[in-house]
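Notes to accompany the following structure.
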Amino acid sequence: MHGDLQRFLSFLEEKGELVRVKEPVSPVLEITALADRVVKAGGPALLFENVEGSELPLAIGLYGTRRRMAWALGLEDLDELGTRLRELLDVKVGGGLVGLASNLPKLRELASLPPKRVRRAPVQEIVWQGDDVDLGKLPVLTCWPQDGGPFITLPLVISKDPASGEVNIGMYRMQVMGRNVTGMHWQRHKTGARHLESAKRMGRRLEVAVALGGDPALTYAATAPIPPIPGINEYSLTGYLRGRGVELVKGVTVDLEVPANAEIVLEGYVDPDEDWVVEGPFGDHTGFYTLQDLYPAFHVTAITMRRDAVYPATIVGRPPMEDAYLIEASERLFLVPAQLILPEIVDYHMPPAGIAHNLVNVVIHKGYPGQAYKVGNGLLGLGQMMFAKVILVTDADVPANDHAGFWRTVLANAVPGRDHQIAKGPIDVLDHASRAWSYGSKLIVDGTVKHAEELGAAAAGDGDAEAWEPGPERDRTQLPAHAEVLDQHQPGNGFWFLTTRKERADQGRHIGEWAAHHVAARGVRLIAVLDHETDPRDFEDATWTLLNNIDPERDVQVIDAGHGAGPVWVVDATPKIAAEGFTRAWPDKISMTPEVTERMDELAERLGL
């Protein structure tokens with residue numbers, strides 16, 4: 001197991017999975033442009049040895065493939081995560097509370113390798129305090145053209161509840177706002193925000209430490225949705241993954257323990273009585289910009305580091321990105337606990353186009369009518385799964401990670417208007433399309449083979465509903481023209497994608513209704529009207545836009561035109577505007593400037609990337 005970033009970099013280089021970039025490259029946009037190109041091509045991790053404006057090298061893309069993510073955890077394949085946990089737990093004791101309760105003692109075995117305290121640490125070989133503290137010496141990235149400034153993107157933010165002593169290590173972006181000040185992006189559902197509220201009630205500052213680098217398994221653990229079980233936190237999860245406790249050392253200026261083998265640590269505090277600062281915009285993991293908002297300020301009292309420190313970074317943006325593999329690691333790890341509560345689950349997957357919370361594919365063993373909804377609603381009650389927007393359920397023998405194939409299978413067994421359910425609940429605060437900030441609706445689609453009790457009208461002889469077959473692939477020349485439709489495509493799996501430039505209220509809905517009433521809708525189950533920047537021939541791009549741009553209850557309707565096509569879902573996935581009653585600003589999709597892209601494409605060619 002790799003105990004720190006330095007050893008992991010050496011391991012990747014031995015495996016031919018690391019490329020050193022010796023040419024000078026700017027941390028403003030250029031590193032992002034090159035790293036984005038490489039991760040989307042499944043290329044190697046990058047070590048920039050000559051970052052303009054800093055003496056420190058920068059490593060990026062460390063977890064940028066499924067294989068490297070597994071290596072970071074000391075595995076050969078991410079599926080081994082579920083195998084290891086299945087060997088620890090008893091998944092045959094039954095579902096629900098019985099299954100969970102009977103395994104709680106075994107779950108606590110995850111905490112059997114507690115952190116190890118040390119007096120000296122590599123991360124404290126260099127210490128900056130007072131006037132020496134200068135975040136500008138670090139090669140912090142300005143990732144995208146509309147970003148509000150440079151952001152620390154791979155931080156392990158360590159805080160402790162001053163009342164309970166609960167320790168949390170989370171990953172929250174941090175905008176650098178001065179030599180010794182950053183923003184702290186603690187969203188309302190995050191543990192760090194809860195710790196800050198506790199400090200406020202006690203009338204004291206909240207001490208915080210931020211580790212950069214260290215054990216790759218700890219970096220992963222900071223992203224994992226760890227259940228609230230006493231004694232289990234990110235340190236104990238790391239200890240379980242690596243087979244030994246994490247080495248910790250006391251901070252220099254804070255009463256917190258920090259990873260001894262980190263590359264860099266920022267120490268400081270957040271004052272709960274201080275006015276919050278304007279943070280953002282930021283090109284986020286949704287693939288859209290998160291707009292400006294108010295967040296707490298983090299004041300840096302010390303920076304400690306190794307003598308040979310490497311600054312670790314990641315970028316987020318339009319999928320697929322590196323974060324998809326961190327998400328997949330959690331998906332594989334938490335499959336077994338999900339099966340303890342919902343034992344009919346065979347597998348599940350969160351495709352990159354769904355940016356984790358927008359789409360969940362679920363395969364189940366079905367034994368009774370309504371079971372798809374039981375599972376879908378059950379998942380919505382499990383931790384961060386509460387943020388899921390669309391859940392597709394099937395009992396067919398189809399891989400959960402076959403994105404297009406899964407949709408086709410579900411649509412073949414789901415009759416619009418009969419086989420879906422709308423629910424309301426919490427929505428990720430980064431969701432720009434929800435009816436209100438952090439609150440919106442969810443869509444569960446039952447794509448299972450139906451029992452007699454579930455057939456409804458079809459049981460009375462509506463054979464067309466059950467005999468549906470997807471139509472063939474059709475390009476724009478084979479589809480009807482409409483004055484407001486810029487481009488369109490039917491990929492042949494039950495979808496019809498149309499794009500338009502939004503200029504008036506209800507434009508997307510009207511175009512969708514027009515399409516549903518056309519004979520070209522035969523063989524189609526879902527019509528989606530998308531913005532003008534979307535390529536309707538790119539299934540990943542089209543579904544990514546669709547999932548980002550909807551609140552299902554508002555934007556999904558069922559239309560049966562009565563011309564033999566059968567009912568279809570019509571989805572308005574266009575940007576929402578004030579004339580439609582939408583009061584929030586609508587963000588732009590993330591894209592790099594052509595000039596920077598061209599320069600980095602030339603560099604990539606020279607490097608053989």
Side-chain angles (χ1 to χ4, degrees), residues 32 135 140-155 157 159 168 170-178 180-200 206 208 210 222-223 266 268-300 314-318 321 323 355-358 384 386-387 389 425-440 548-551 575-578 581-591:
T32 294
L135 295 167
V140 184
L141 298 180
T142 299
C143 299
W144 299 105
Q146 294 183 32
D147 281 3
F151 282 83
I152 299 170
T153 55
L154 206 60
V157 180
S159 61
N168 178 69
M171 190 171 290
Y172 317 105
R173 72 180 190 231
M174 300 167 60
Q175 182 178 350
V176 176
M177 298 175 174
N180 61 354
V181 179
T182 79
M184 184 60 74
H185 197 256
W186 278 332
Q187 301 161 7
R188 64 160 51 172
H189 303 108
K190 302 301 183 180
T191 306
R194 191 169 70 244
H195 288 182
L196 186 62
E197 283 298 315
S198 180
K200 184 177 180 66
L206 181 68
V208 177
V210 179
T223 73
L266 315 179
Y269 65 89
V270 176
D271 187 343
D273 292 325
E274 186 178 39
D275 289 341
W276 288 13
V277 295
V278 176
E279 190 254 21
F282 177 69
D284 224 315
H285 79 277
T286 60
F288 289 72
Y289 283 97
T290 299
L291 303 179
Q292 287 186 333
D293 207 344
L294 297 174
Y295 282 95
F298 171 59
H299 299 271
V300 182
T314 189
I315 56 169
V316 291
R318 294 194 189 202
M321 282 290 197
D323 60 332
I355 57 167
H357 52 266
N358 279 348
Q384 292 189 31
M386 67 180 175
F387 298 128
K389 184 185 290 188
I427 290 289
D428 193 286
V429 298
L430 301 181
D431 191 303
H432 58 263
S434 59
R435 68 194 64 194
W437 183 69
S438 74
Y439 176 69
N548 263 299
N549 282 359
I550 64 168
D551 184 311
K576 305 307 180 288
I577 56 178
F582 193 82
T583 58
R584 291 181 289 150
W586 195 271
D588 291 337
K589 289 181 174 179
I590 299 169
S591 61

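Each residue takes its place number in the sequence, starting with 1.
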Table please: side-chain donor-acceptor pairs of residues 293-300 below 3.5 Å, with sequence neighbours left out.
| from | atom 1 | to | atom 2 | distance (Å) |
| --- | --- | --- | --- | --- |
| Y295 | OH | H185 | NE2 | 3.3 |
| H299 | NE2 | E274 | OE1 | 2.8 |
| H299 | NE2 | E274 | OE2 | 3.0 |

Heavy-atom side-chain proximity of N549 to F288 below 4.5 angstrom: yes
Partners of R435 by salt bridge (charged side-chain N to carboxylate O under 4.0 Å, His left out), sequence neighbours excluded? D551, E553
Can you see which heavy atom on L291 is nearest to which on A585, and at what distance? CD1-CB, 3.4 Å
Are the side chains of P150 and T142 in contact, using a 4.5 Å heavy-atom criterion? yes
In Å and rounded to the nearest 0.5 Å, what is the CE to CH2 distance from M184 to W276? 12.0 Å
If every non-hydrogen atom of C143 is compared with every non-hydrogen atom of I315, which pair is closest and at what distance? SG-CG2, 4.1 Å
Interatomic distance, CD1@I590 vs CG@D284, rounded to 0.5 Å, equals 7.0 Å
Test ring pair (Phe, Tyr, Trp, His ring centres under 6.0 Å), reference F151, set F282, Y172, W144, output is F282
Name all residues meeting the side chain to side chain donor-acceptor pair (under 3.5 Å) criterion together with T286; count only those two or more places apart in sequence or in a different chain, and write none if there are none. none
Close side-chain approach of S434 to Y439, heavy-atom, < 4.5 Å: no
From CA spacing to verdict: side chain to side chain contact (heavy atoms under 4.5 Å, CB included), Q175, D147: CA-CA 10 Å; Q175 182 178 350; D147 281 3; over 6 Å; no
Set of salt bridge (charged side-chain N to carboxylate O under 4.0 Å, His left out) partners for D273, sequence neighbours left out: K200
Tell me, do L266 and L135 make a side-chain contact under 4.5 Å, heavy atoms counted? yes
For S591, check side-chain contact (heavy atoms from CB on, under 4.5 Å) against everything at least two apart and list the hits. none
Kindly write out the residues that satisfy ring pair (Phe, Tyr, Trp, His ring centres under 6.0 Å) with Y289, not counting sequence neighbours, or none if the list is empty. none
Suppose we screen for side-chain contact (heavy atoms from CB on, under 4.5 Å). Which residues come up paired with T314, at least two apart in sequence or across chains? T153, L154, E322
E279: side chain to side chain donor-acceptor pair (under 3.5 Å) partners, not counting sequence neighbours: R173
Over all heavy atoms of both residues, which pair between A193 and Q187 is shortest? Give the atoms and the distance, please. CB-O, 3.4 Å
Of all heavy-atom pairs linking H195 and S159, the shortest is ND1-OG, 2.9 Å
Kindly indicate whether the side chain of V429, heavy atoms from C-beta on, has any atom under 4.5 Å from the side chain of W437. yes
Residues two or more places apart in sequence or in another chain: which of them pass side-chain contact (heavy atoms from CB on, under 4.5 Å) with S198? D161, P162, A163, R201, M202
Quick one: CG on L141 to OG1 on T32, what's the gap to the nearest 0.5 Å? 5.0 Å
Tell me, please, which residues at least two apart from P155 pass side-chain contact (heavy atoms from CB on, under 4.5 Å). I152, V157, M171, M174, V210, L212
What's the shortest heavy-atom distance between L206 and A199, and which atoms? CB-CB, 3.9 Å
In chain order, what residues pass the salt bridge (charged side-chain N to carboxylate O under 4.0 Å, His left out) check against D431, with sequence neighbours excluded? K389
Looking only at heavy atoms, which two atoms of V316 and M321 are closest? And how far apart? C-CE, 3.9 Å
Residues which pass ring pair (Phe, Tyr, Trp, His ring centres under 6.0 Å) with H285, listed by chain and number, not counting sequence neighbours: H357
